[in-house]
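Supplied in structure tokens, the structure appears directly below.
Quantities reported herein were computed from a predicted structural model and do not represent experimental measurements.
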Amino acid sequence: MTVTRDSIATAAARIGPYVRRTPVLEVPEGELGQEFSMVLKLELLQHAGSFKPRGAFNRILSARLTGELPAAGV
């Protein structure tokens with residue numbers, strides 16, 4: 001499967017009601033002793049404490065839409 005800008009936007013819309021919108025933290029060069037600036041996405045603020053709900057919900061909701069979700073569930 002090829003990942004496109006449109007497929008990312010579709011996935012974001014699909015999972016939006018189920019995951020928290022987490023902040024981005026910009027860390028300027030040298031602020032933490034690093035030689036470059038960084039951008040951190042604070043996914044630790046998700047209910048599960050990681051980015052994993054995004055992929056899991058997208059897969060489950062995609063399967064439900066296409067009829068691929070087993071009758072027994074996940």
Side-chain angles (χ1 to χ4, degrees):
M1 180 178 130
T2 303
V3 177
T4 64
R5 191 176 291 265
D6 286 339
S7 67
I8 293 169
T10 300
R14 186 181 301 127
I15 66 173
Y18 303 98
V19 295
R20 290 181 175 163
R21 188 177 178 113
T22 57
V24 173
L25 179 65
E26 295 182 36
V27 182
E29 178 183 338
E31 188 165 304
L32 298 174
Q34 80 281 16
E35 298 178 5
F36 45 83
S37 62
M38 295 187 295
V39 178
L40 307 174
K41 180 73 167 140
L42 303 181
E43 288 295 296
L44 65 131
L45 299 176
Q46 286 295 342
H47 295 288
S50 75
F51 65 91
K52 293 172 185 163
R54 293 185 187 280
F57 276 121
N58 187 48
R59 176 65 182 107
I60 292 166
L61 295 174
S62 295
R64 187 178 72 178
L65 289 174
T66 61
E68 297 172 20
L69 192 63
V74 182

Under 3.5 Å, side-chain donor or acceptor atoms of residues 34-45 against the rest of the protein: list the pairs with distances, not counting sequence neighbours.
unit_1	atom_1	unit_2	atom_2	d
Gln34	OE1	Leu32	N	2.9
Gln34	NE2	Pro28	O	2.9
Gln34	NE2	Phe36	O	3.1
Lys41	NZ	Thr22	O	2.5
Lys41	NZ	Thr22	OG1	2.9
Glu43	OE1	Gln46	NE2	3.4
Glu43	OE1	Arg54	NE	2.8
Glu43	OE2	Thr22	OG1	2.5
Glu43	OE2	Arg54	NE	3.4
Glu43	OE2	Arg54	NH2	3.1

Item to complete: Could I get the full list of ring pair (Phe, Tyr, Trp, His ring centres under 6.0 Å) partners for Phe51, not counting sequence neighbours?
Response: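 Here no residue qualifies.
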Discussion item. Test question: given the 4.5 Å side-chain rule for I, L, V, M, F, W and Y, name all other residues clustered with Val3, or answer none.
Written reply: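 Its cluster partners, ordered by chain and number, are Ile8.
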Would you list the atom pairs, donor with acceptor, under 3.5 Å between side chains in residues 63-74 and any protein atom, with sequence neighbours excluded?
unit_1	atom_1	unit_2	atom_2	d
Thr66	OG1	Ser62	O	3.1
Thr66	OG1	Ala63	O	3.3
Thr66	OG1	Glu68	OE2	3.2

Discussion item. Could you list the cluster mates of Leu61? Members are the ILVMFWY residues connected by side-chain heavy atoms closer than 4.5 Å, either directly or through other members.
Written reply: Ile15, Tyr18, Val19, Phe57
Item to complete: Kindly give the heavy-atom pair with the smallest separation between Ala11 and Asn58, and that separation in Å.
Response: CB-OD1, 3.5 Å
Item to complete: Identify, with sequence neighbours excluded, every residue that meets side chain to side chain contact (heavy atoms under 4.5 Å, CB included) alongside Thr10.
Response: Arg14
